[in-house]
Amino acid sequence: MENKISLLGAGIHNVTMEEAMTVIDSFVAEGGLHQVITLNAEILYQAQENQRLLRLINKADLVTPDGSGIVWGANYLGMPLKERVSGIDLLWEICRVAPEKGWRIYLLGAAPGVAEQAAANLKIKYEGISIAGVRNGYFDMSSQEEVQSIVEEVRQAQADILFIAMGAPRQEYFIEDYGKEFGVKVAIGVGGSFDVVAGVVKRAPVFMQKMGIEWLWRLLCQPSRWKRMMNLPRFVRLVKKTKKKQGS
Ligand code: UDP
């Protein structure tokens with residue numbers, strides 16, 4: 001599965017949602033850990049100054065274009081991507097097919113109570129879904145004891161797919177550090193998705209998603225995001241600079 005483009009040093013798979021699902025299906029069948037990253041422009045910009053993060057992205061088994069910024073950047077540099085495959089949409093799609101595939105799902109992340117509510121909502125929406133376990137994402141990462149007890153909790157649950165919603169890149173580092181110990185076949189970082197599934201945060205209206213301005217909705221709902229969102233105009237500037245260099 002090597003239909004990849006390279007954007008600002010990061011490999012991104014040029015897949016549709018359907019193709020991403022076929023790949024994930026093969027990961028589960030194959031066994032062993034597979035890391036999936038749903039990459040947005042903020043994180044890709046951050047990776048320009050963070051070698052660990054860039055390396056991690058390039059090592060992942062599947063990297064999907066999560067944000068419209070990535071789709072725009074790739075297109076602008078002459079490498080059009082088929083479509084945006086966001087973390088939240090991937091979560092919905094995996095949970096939709098999970099009952100018929102028999103995939104066991106673990107939800108790790110978000111504030112206390114949110115993963116439980118997300119699991120309850122998923123059980124109503126997708127009858128027969130098997131939720132292997134849930135756990136909030138607020139723990140002391142520097143405490144080996146606490147981390148090990150969470151790793152053990154996940155391992156005991158014998159899940160196939162682990163969604164981690166602790167924000168990027170924290171969740172990606174967590175998967176890199178402990179992924180193999182979880183005993184899951186697929187681990188995916190899905191940012192703030194549990195908040196949406198639980199109904200704590202509302203997703204942008206479809207017209208905003210289609211216009212590529214979901215970031216504006218998130219900024220309006222959570223103004224405290226402005227600081228990290230400064231990476232978006234920086235990303236645009238960097239893509240434009242890259243194009244100029246290509247032309248010269
Ligand atoms: N979160 C968490 N543990 C932490 C910090 C954050 O579980 O130590 C959760 C937080 O409650 C939220 C999600 O991680 O549900 C981060 O959401 P955000 O929208 O910031 O995700 P991103 O945009 O980084 O993908």
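Read the numbers this way: they start at 1 and go in the same order the structure lists the ligands and their atoms.
Residue contacts with ligand 1 for Gln222 are absent, since no atom lies close enough (heavy atoms, distance under 4.0 Å). Under 4.0 angstrom from ligand 1, there are no non-hydrogen atoms of Glu172. With a 4.0 Å cut-off on non-hydrogen atoms, Ala111 touches ligand 1 through its backbone and not its side chain. Proximity of Arg225 to ligand 1, defined as any heavy-atom pair under 4.0 Å, is confined to the side chain (atoms from C-beta onward).
Note on ligand 1: Arg218 sits in its first shell, one or more heavy atoms being nearer than 4.0 Å. Within the 4.0 Å heavy-atom shell around ligand 1 one finds Tyr138. Put simply, part of Arg170 is less than 4.0 Å from ligand 1, judged by heavy atoms.
Asn58 and Arg55 are not linked by any side-chain donor-acceptor pair at a separation below 3.5 angstrom, with hydrogens and angles left out of the test. Counted by atom type alone, Ser86 and Asp89 present one or more donor-acceptor pairs between their side chains at under 3.5 Å. Gln209 and Arg203 share a side-chain donor-acceptor pair at under 3.5 Å.
The Asp195 neighbourhood of ligand 1 comprises atoms 12 (C), 15 (O), with distances under 4.0 Å to a heavy atom of that residue. Listed by number with element, the atoms of ligand 1 under 4.0 Å from a non-hydrogen atom of Gly167 are 13 (C), 14 (O), 16 (C), 21 (O), 24 (O). The distance from ligand 1 to the heavy atoms of Arg228 drops below 4.0 Å at these ligand atoms: 20 (O), 22 (P), 23 (O), 24 (O). Each of the atoms 2 (C), 3 (N), 4 (C), 7 (O), 8 (O) of ligand 1 lies under 4.0 Å from some heavy atom of Gly137. For ligand 1, the atoms closer than 4.0 angstrom to any heavy atom of Met166 are 1 (N), 2 (C), 5 (C), 6 (C), 7 (O), 9 (C), 14 (O).
For Gln148, the CD atom counts as densely surrounded, since its 6.0 Å shell holds more than 12 non-hydrogen atoms of other residues, nucleotides or ligands. Shown here is Glu152, whose CD atom has more than 12 heavy atoms of other residues, nucleotides or ligands within 6.0 Å. Around CE of Met141, the count of heavy atoms belonging to other residues, nucleotides or ligands within 6.0 Å exceeds 12.
Ala60 approaches Val63 most closely through the heavy-atom pair CB-CG2, 3.9 Å.
The shortest contact between atom 7 (O) of ligand 1 and any protein heavy atom is with Ala110 N, 2.9 Å.
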>> Between Asp160 and Arg104, is the salt bridge (Lys or Arg N to Asp or Glu O under 4.0 Å) condition met? List the steps.
In response: CA-CA 5 Å; Asp160 298 295; Arg104 288 166 59 77; 5.5 Å; no
> Which is it for Tyr178 and Phe174 under the ring pair (Phe, Tyr, Trp, His ring centres under 6.0 Å) test, yes or no, and what are the steps along the way?
Replying inline: CA-CA 6 Å; Tyr178 302 100; Phe174 196 57; 5.2 Å; yes
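The heavy atom nearest to atom 24 (O) of ligand 1, considering only Ser86, Gly191, Ala168, Cys221, is found in Ala168. If you check each of Ala198, Ala165, Gly109 against atom 9 (C) of ligand 1, the one with the closest non-hydrogen atom is Ala165.
Remark: Lys202 is not positioned above the aromatic ring of Trp217, lacking an NZ or CZ atom under 6.0 angstrom from the ring centre and at most 45 degrees off the axis. Geometric assessment of Arg52 against the ring of Tyr173 yields a positive cation-pi assignment under the 6.0 Å and 45° thresholds.
Remark: ligand 1 and Gly192 share an N or O pair separated by less than 3.5 Å (distance only, no angle test). The shortest N or O to N or O distance between Asn40 and ligand 1 is not under 3.5 Å.
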